[in-house]
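Computed from a prediction, not measured in an experiment: that's the story for all the values here. Lettering of chains follows the sequences in order, A, B, ..., and the numbering in each one begins at 1.
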2 protein chains.
Amino acid sequence: MTEAANDTAPRRPVTLTDVARRAGVSQPTASRVLNGSARTVADSYRTRVLEAARELGYTPNLAAQAIARGTSRTIALVISGISDPYFSAMATELMKQAEKYGMRVSIAVTERRVDRELDLVRELRGQQPQAIVLAGTGYVDPPNGDELVAELRRFEETGGRVVLISRTDLPFETVTFDNHEGARTLAAELSTLGYRRALVLGSGTPLLSMQQRVDGFVEGFAGEATIAYPDFSWEGARAHIRSLPDEELRSLELVFAITDDMALGAIAGLRDRGRRIPEEVAVAGFDDITTLRDVVPALTTVHVPLDQVAEETVRRALDGDAGGRTVPAHPVIRASTPPVRR
Amino acid sequence: MTEAANDTAPRRPVTLTDVARRAGVSQPTASRVLNGSARTVADSYRTRVLEAARELGYTPNLAAQAIARGTSRTIALVISGISDPYFSAMATELMKQAEKYGMRVSIAVTERRVDRELDLVRELRGQQPQAIVLAGTGYVDPPNGDELVAELRRFEETGGRVVLISRTDLPFETVTFDNHEGARTLAAELSTLGYRRALVLGSGTPLLSMQQRVDGFVEGFAGEATIAYPDFSWEGARAHIRSLPDEELRSLELVFAITDDMALGAIAGLRDRGRRIPEEVAVAGFDDITTLRDVVPALTTVHVPLDQVAEETVRRALDGDAGGRTVPAHPVIRASTPPVRR
DNA sequence: TTGTAAGCGTTATCAA
DNA sequence: TTGATAACGCTTACAA
């Protein structure tokens, strides 16, 4: 049967002092045993401490360690949202990499609100992480860019590291994939397939990396490209397509959206308007998110090697300046953009 | 005043002491101004402190606050993975709710490894969060259940709160949706549509909530249900369908998978085998994940009101025992399960 | 090798 | 209202 729990009164957590007292040693000795110290401790003591810790169910108070050591084995990641397949994949890869180095990743979410990014960084600084990683967003003309830079500089000055992913708008180390080149080669391949008229869906919010994709595509495309800038979302892309004038819709040959997310929104819009894909309209995206495995027809896109990006990022977050790095992004032609028959 | 502190980059982060000194007040006064204290401070002091803080770019050291206050405004969330649309949606909702109460959510990932759950909880306890929320998993016969319970009990004893989401395998407060009833009513509606032979894809790993879905479906289904237990994943469901004997495949009328993720895997498998959906085989899932908006034909499923779940969870994580709660889950019939024509 | 004592940045207590 | 001063749990010189 169950033993009667005598007291439900909230006790305080077991501390290192408790363990030391129980083991009959000093607090520092207990500390040396339990948390990797270079110092060696006599075996007899060591076992007594370990046993006491086990019996009491001791867990080191991370906050106390952080404050005593002046650093916490944490990488703070700022992303715009967790539900987004692209960002969640990125977060997963980063956590995987970080774990190799015994690092924790804490995630903060901007919800795509520009001002929150600054607030977040400010707050994160209070967590004294080893590094702050900013993924996503990256405005063409950052509204509060100066303040953000100042905040990040301050963080660097106190020994922290700053790494940006896929954004080159701030003067810090950046790991990126080649947005421009990826879109350019995609456009080239699509041109080879026979496409000559494209609608490019860019980002309504002026994001640098997204503009690079637009520019890259236009540069690599052999035909005529019309550019639109709907809201930067699935819904935005869908709404844009839905509101297209009939004649423009009918003349549509290929839609390139700067993200798979928007490409899928565009497809939804095209279907709403009764257009068949890819028979009547071809569609291509960018990112190669996991969701695509369930989409029919299979979506042509540009694959981004997130694992490599994550690896490079974590390395820079820890080891110090390795310099910026750009990993290549390659187009993947699938069923949504078949060769054009004329 | 004494030294030129304005242009010299401090190697250590700016502390409350720095701010106090600069403002010419005591540390406690600065603390009272900068961090919501009930105490009031003379306006002249208040402005001086605020100004000094701004000039120096002060950010409170969260670890120090946590240790001094004995509590950190944090909810620790344990989920099996971040890339999974269901869990990432859950995490998003929880963060949204938590923010209302000025709470931070820290995310830890088990990667579906049973043992990691225990390790994680142990480590999280070291973060001294206000609450630990365990979402997902929940084994029918927990391998190290006793240890996990002991660890969580310890956490509760020291004033922490434990909330489980959609798992009833541990003796703690639980917020759940009605897996059994949701699956049962879905099965009933499908029966009404004329379906009489179903293949049910359960979970290879024995998860309690998943078994409830299987049981609920079987109970509510008017015809004959065959149950299989492939690996609990998209790939598992797909592989199972792919390896089905020809005759069994041909006799397939309806596939119900316990999660949308597996349902989508099943669809992939069915397509690999050349079966058309829904003309030849109907498919239904559970969860109503966002991904479904891009899937054709639209997938019949059971909608889970994650926002409600999140709200109830956060409330319990903070306010104390409100008792367990079950929110209803309703079937949504879509194009993947049309009425049967005979 | 072990223990004493001094921090780490913040909050809480309690005089003044 | 304000400011010494003592915690909070842990690490790290420095002394024994």
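Between A:Glu157 and A:Arg154 there is no salt bridge, since no side-chain N of the basic residue sits under 4.0 Å from a carboxylate O of the acidic one. Between B:Asp18 and B:Arg21 there is a salt bridge, since a side-chain N of the basic residue sits under 4.0 Å from a carboxylate O of the acidic one.
At C:dT2, none of the side-chain N or O atoms of A:Ser26 fall inside 4.0 Å of OP1 or OP2 (strictly under the cut-off).
Atom CD of A:Gln127 is separated from atom C1' of C:dT10 by 16 Å (rounded to the nearest Å). Going from atom CG of A:Asp43 over to atom P of C:dT1 covers 11 Å, rounded to whole Å. Counting to the nearest Å, the P atom of D:dT2 and the CZ atom of B:Arg48 are 10 Å from each other. Distance B:Gln128 CD to C:dT11 C1': 16 Å, rounded to the nearest Å. If you measure from atom OH of B:Tyr45 to atom C1' of D:dG3, you get 10 Å, rounded to the nearest angstrom. Remark: C1' of C:dT10 and CG of B:Leu34 are 12 Å apart, rounded to the nearest angstrom.
For B:Arg153 and B:Phe172, the positive end sits near the middle of the six-membered ring, less than 6.0 Å away and at most 45° from its axis.
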A correct 5'-to-3' footprint of nucleotides 10-16 of chain D, with B, S and - meaning base, sugar-phosphate only and no protein heavy atom under 4.0 Å, is BBB-B--
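Judged as a side-chain contact (heavy atoms from CB on, under 4.5 Å), and not counting sequence neighbours, the contacts of A:Asp115 are A:Arg113. With sequence neighbours excluded, the residues forming a side-chain hydrogen bond (donor to acceptor under 3.5 Å, both in side chains) with A:Glu55 are A:Arg22, listed by chain and number. Residues forming a side-chain contact (heavy atoms from CB on, under 4.5 Å) with B:Thr74 (at least two apart in sequence, or on another chain): B:Ser72, B:Arg104, B:Ser106, B:Pro129. Qualifying side-chain hydrogen bond (donor to acceptor under 3.5 Å, both in side chains) partners for A:Arg48, counting only residues two or more places apart in sequence or in other chains: none.
Two residues are said to be in side-chain contact when any heavy atoms from C-beta on lie closer than 4.5 Å; A:Leu164 and A:Arg167 meet this criterion.
Residue-to-nucleotide proximity on DNA chain D shows that, of A:Pro13 and B:Thr29, the 5′-proximal contact is made by B:Thr29.
Between the side chain of B:Arg316 and the backbone N or O of B:Glu312, at least one donor-acceptor pair lies under 3.5 Å.
Recorded end-axis angle for the helix from C:dT1-D:dA16 to C:dA16-D:dT1 stands at 40°, based on five pairs per end and rounded to 10 degrees.
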